[in-house]
Protein chains: 2
Amino acid sequence: MHDRALTSLIALRRILRATESHARLLARETGLSTPQLIVLQIVRHAGEATAKTVASQAGVGQATATALVDKLESRGFVRRQRGDSDRRQIWISLTDTGRAALEAAPDPLHENFTARFEQLPDWEQAMLVAALERIAALLGAAGLDASPVLHVGAIDHPGDHPGDHPGDHPGDHPGDHPGAG
Amino acid sequence: MHDRALTSLIALRRILRATESHARLLARETGLSTPQLIVLQIVRHAGEATAKTVASQAGVGQATATALVDKLESRGFVRRQRGDSDRRQIWISLTDTGRAALEAAPDPLHENFTARFEQLPDWEQAMLVAALERIAALLGAAGLDASPVLHVGAIDHPGDHPGDHPGDHPGDHPGDHPGAG
DNA sequence: CATGATTCTTCGTCTTACGAACTATCTGGC
DNA sequence: GCCAGATAGTTCGTAAGACGAAGAATCATG
């Protein structure tokens, strides 16, 4: 009965251990820790991102996100630019250095993972993405309203959550923030 | 770039963070952090273990292992006994308190995940299991050995899990040590 | 005993991570 | 205009895990 749960747990453990141990190796090679790398990728993916976006997408608190961005900024990988329309917001964008570092840095997980992942048939990629997000939700959202339905339609749009892809926050900032120009 | 791969990575990261977060909550209740729990499990599994064994099985350096054992010792969960034949070695064993704590401590993942997992519709459970195993395979295929922590971690159901039987890594702890003396 | 290897500990440091408090800013009500 | 509340981000204090380097104790060997 909870055979599947157990199987999932074991697989999950293996995944966790694998990612952790691999991340450590990688951090040594690239000088970038996994969270830092993730922040870089989020920023690149979003084009520009606020600290809040970075925090929520990276799955950490704002304070932690600030610390991460601090480090990245001090190394010249990202820059901060205060928003024009809403001056509370700070838009984080990649510098050329950061972009280069990101290009040079391998994936935070196995290169094999990405390589193999990309070779999977489309439906399976979609399945894995959906499953991972589902699991993240299962583990993460304590107060998740028990909507057991995975909207299958959203599978094709992994940018389920706001701010995931660049053009996703058009009303968020009128586009007059500095980085765009 | 690899949109889905990135999404997977982020989701994976969120899973990691969620797990850590749960572990932290649990740590407050039980007073045991995940690494500490792992050390306890390793020690229990081995009966007695040297610091080196603990370090290598937990996948951390000796210094870290010492720190963890320090914490556990200060809480009375383990004891250190200098080896008789080789007095450089320190044999770490569970105290009754530690054994009790280990019995009482729930699996850091088990609680939330299992409960929610089992509320999912059947097809989704199946999907998640398949996805997790797929991902574990993708990650693990690069020669990452399944950490001993894995099956030590599955203490709740030692005989239940398939394909993850102990005895995969024998010979690490001699057994001729003078612990009884 | 001297030398070198080993085992573990200590020390200093780095990184992540959080909550709480704080500043700055925006928004709404008056 | 101005105050109150909400929001965004930072700073501060704290804690844990993790590592490398250096040190102490011990063993094995010559």
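Chain letters run A, B, ... following the sequence lines, proteins first and then strands; every chain starts at 1. Note that this is a predicted model, so its numbers are computed, not measured.
The CD atom of A:Gln36 sits 10 Å away from the P atom of C:dA17 (whole-angstrom rounding). Taking atom CG of B:Leu68 as the reference point, atom P of D:dG17 lies 6 Å away to the nearest angstrom. With rounding to whole Å, B:Gln62 atom CD is found 17 Å from D:dA24 atom P. In this entry the distance linking CD1 of A:Ile90 with C1' of D:dT7 reads 13 Å, nearest Å. Here the P atom of nucleotide C:dT23 and the CZ atom of A:Arg82 are 15 Å apart, to the nearest Å. Rounded to whole Å, the distance from CD on B:Gln89 to C1' on D:dT26 is 11 Å. Atom CZ of B:Arg79 is separated from atom P of C:dC8 by 17 Å (rounded to the nearest Å). Going from atom CZ of B:Arg75 over to atom P of D:dA15 covers 13 Å, rounded to whole Å.
In terms of the side-chain contact (heavy atoms from CB on, under 4.5 Å) criterion, residue partners of A:Ala51 (sequence neighbours excluded) are, by chain and number, A:Ile92. A:Arg75 pairs by the side-chain contact (heavy atoms from CB on, under 4.5 Å) definition with A:Gln36, A:Phe77, not counting sequence neighbours. The salt bridge (charged side-chain N to carboxylate O under 4.0 Å, His left out) test applied to B:Asp96 returns no partner, not counting sequence neighbours. Considering only residues two or more places apart in sequence or on other chains, B:Arg79 meets the salt bridge (charged side-chain N to carboxylate O under 4.0 Å, His left out) condition with none of them.
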Filtered N/O pairs between nucleotides 26-28 of chain C and protein, under 3.5 Å:
{"from": "C:dC26", "atom 1": "OP1", "to": "A:Ser85", "atom 2": "O", "distance (Å)": "3.4"}
{"from": "C:dC26", "atom 1": "OP1", "to": "A:Arg87", "atom 2": "N", "distance (Å)": "2.9"}

Provide a list of protein-nucleic acid N or O atom pairs under 3.5 angstrom, restricted to nucleotides 20-22 of chain C.
none

Tabulate protein N/O versus nucleotide N/O from nucleotides 1-3 of chain D, keeping only pairs under 3.5 Å, one per line.
none

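Just one of B:Val43, B:Val39, B:Val54, B:Leu37 meets the side-chain contact (heavy atoms from CB on, under 4.5 Å) condition when paired with B:Leu72; it is B:Val39.
Here salt bridge (Lys or Arg N to Asp or Glu O under 4.0 Å) pairs that include residues 50-68 of chain A, with residues two or more places apart or in two chains, number zero. Identified under the side chain to side chain donor-acceptor pair (under 3.5 Å) test for residues 58-72 of chain A, with sequence neighbours left out: A:Asp70-A:Arg80. Residue pairs that meet the salt bridge (Lys or Arg N to Asp or Glu O under 4.0 Å) test with at least one member in residues 57-66 of chain B, sequence neighbours left out, do not exist here.
Taking the screw axis at each terminus of the helix from C:dC1-D:dG30 to C:dC30-D:dG1 from five consecutive base pairs, the angle between the two is 0° to within rounding of 10 degrees.
Looking only at distances, no side-chain donor or acceptor of B:Thr50 sits under 3.5 Å from a matching main-chain atom of B:Gln89.
Side-chain contact between A:Leu120 and A:Met127 is absent, with no heavy atoms from C-beta onward closer than 4.5 Å. Proximity of B:Arg44 to B:Glu103: side-chain heavy atoms (C-beta onward) are separated by under 4.5 Å at one or more points.
Here the nucleotide nearest the side chain of A:Ala51, chosen from D:dT10, D:dG17, C:dT15, is D:dT10. Of the candidate nucleotides D:dA16, D:dT10, C:dA17, D:dA16 has the atom nearest to the side chain of B:Ser33. In this structure, the nucleotide among C:dT16, D:dG9, D:dC19 sitting nearest to the side chain of B:Thr64 is D:dC19.
In the hydrophobic clustering of this structure, B:Val129 groups with A:Leu128; members are Ile, Leu, Val, Met, Phe, Trp, Tyr whose side-chain heavy atoms approach within less than 4.5 Å, directly or through other members.
For C:dT9, the OP1/OP2 oxygens have a side-chain nitrogen or oxygen of B:Thr66 closer than 4.0 Å.
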